[in-house]
Amino acid sequence: MKVLKDVFFLLVGLAFVGGSLYFVWNKPAGEVIRVGDKTILVEIADTPEERAQGLSGRAGLPAGHGVLFVFDSHGLYGFWMKEMNFSIDIIWLSEEFQVIDIARSVSPNTFPHVFYPPRPVKYVLETNPGEL
């Protein structure tokens, strides 16, 4: 009887571990947002560390993907291309995800220039050039 009990708990434990691994491996890659008529799969950067890192150091970005920088309040948030390896569009968005401005095809060789929006924004989206 003890053997059956041990086997039962072993199977329950394995099912739990297997289910947990399934959810970790099949976790969505990010959130989906709509900007105008475009849908973009985004990683959310909403901590100071995530916002500081952004896309720096990466080799590239899959088509249809981006990083959405979420700020606690509206502001004139500047972006530069420090340690970037590819060009991007920097898109400043209102709280309603309306495009305020776009710096198009910003090249890594523009560093240390800082790009700013024309007015305070709540969100900034970085995508491959031409996504919007």
Side-chain angles (χ1 to χ4, degrees):
M1 192 63 158
K2 181 175 178 355
V3 172
L4 286 176
K5 185 178 175 184
D6 290 345
V7 169
F8 172 77
F9 283 113
L10 175 65
L11 291 174
V12 168
L14 288 173
F16 177 77
V17 169
S20 297
L21 289 173
Y22 172 81
F23 284 112
V24 167
W25 287 329
N26 291 299
K27 179 183 169 194
E31 302 290 327
V32 175
I33 63 167
R34 284 194 62 81
V35 179
D37 63 346
K38 300 286 185 170
T39 301
I40 307 287
L41 182 64
V42 295
E43 298 171 32
I44 305 294
D46 59 359
T47 67
E49 298 79 17
E50 291 169 336
R51 290 189 295 252
Q53 179 64 39
L55 290 169
S56 295
R58 296 193 195 185
L61 187 63
H65 289 66
V67 174
L68 181 68
F69 296 80
V70 178
F71 296 95
D72 296 328
S73 61
H74 289 80
L76 294 171
Y77 301 107
F79 282 71
W80 63 4
M81 298 296 284
K82 183 177 183 184
E83 299 175 4
M84 285 293 293
N85 297 311
F86 56 98
S87 295
I88 59 171
D89 282 354
I90 303 171
I91 305 149
W92 288 274
L93 302 169
S94 71
E95 198 158 4
E96 297 79 28
F97 290 96
Q98 299 297 314
V99 175
I100 301 301
D101 196 19
I102 301 177
R104 295 196 181 274
S105 296
V106 179
S107 170
N109 66 12
T110 62
F111 178 78
H113 180 76
V114 180
F115 297 83
Y116 289 96
R119 65 179 197 251
V121 297
K122 177 88 173 169
Y123 306 105
V124 179
L125 176 62
E126 292 182 343
T127 66
N128 287 310
E131 291 282 348
L132 292 187

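Here the structure is a predicted model, which means the values were calculated and not measured.
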Side-chain donor-acceptor distances from residues 112-120 under 3.5 Å, at least two apart:
none

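- Formation of a donor-acceptor pair under 3.5 Å by the Thr47 side chain with backbone atoms of Glu50 is found in this model.
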Only pairs under 3.5 Å count here: list side-chain donor-acceptor contacts from residues 70-84, not counting sequence neighbours, and write none if there are none.
unit_1	atom_1	unit_2	atom_2	d
Tyr77	OH	Ser73	O	2.5

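- When atom types are taken as modelled, the side chain of Arg104 and the backbone of Asp89 share no donor-acceptor pair closer than 3.5 angstrom.
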Self-check item: Trace of the side chain to side chain contact (heavy atoms under 4.5 Å, CB included) decision for Ile102 with Ile90
Solution: CA-CA 6 Å; Ile102 301 177; Ile90 303 171; over 6 Å; no
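- A continuous path of ILVMFWY side-chain contacts below 4.5 Å connects Ile44 to Leu93, so both sit in one hydrophobic cluster.
- Separating the CD atom in Glu31 from the CD1 atom in Ile40 is a distance of 14.0 Å, to the nearest 0.5 Å.
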Side-chain donor-acceptor contacts of residues 123-132 below 3.5 Å, not counting sequence neighbours, with atom names and distances?
unit_1	atom_1	unit_2	atom_2	d
Asn128	ND2	Leu61	O	2.8
Asn128	ND2	Pro62	O	3.3
Glu131	OE1	Gly64	N	3.3
Glu131	OE2	Gly64	N	3.0

Quiz item: Yes or no on side chain to side chain contact (heavy atoms under 4.5 Å, CB included) for Phe97 and Leu68, after CA distance, side-chain angles and deciding distance?
Solution: CA-CA 11 Å; Phe97 290 96; Leu68 181 68; 4.0 Å; yes
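- A donor-acceptor pair shorter than 3.5 Å cannot be found between the side chains of Gln53 and Ser56.
- By the rule that hydrophobic residues join a cluster once side-chain heavy atoms approach within less than 4.5 Å of another member, Ile100 and Val106 end up as members of one cluster.
- For the residue pair Glu43 and Arg58, the shortest heavy atom distance occurs at OE1-NH2, 2.7 Å.
- Trp92 is connected to Phe69 through a chain of hydrophobic side-chain contacts under 4.5 Å among Ile, Leu, Val, Met, Phe, Trp and Tyr, so both are in one cluster.
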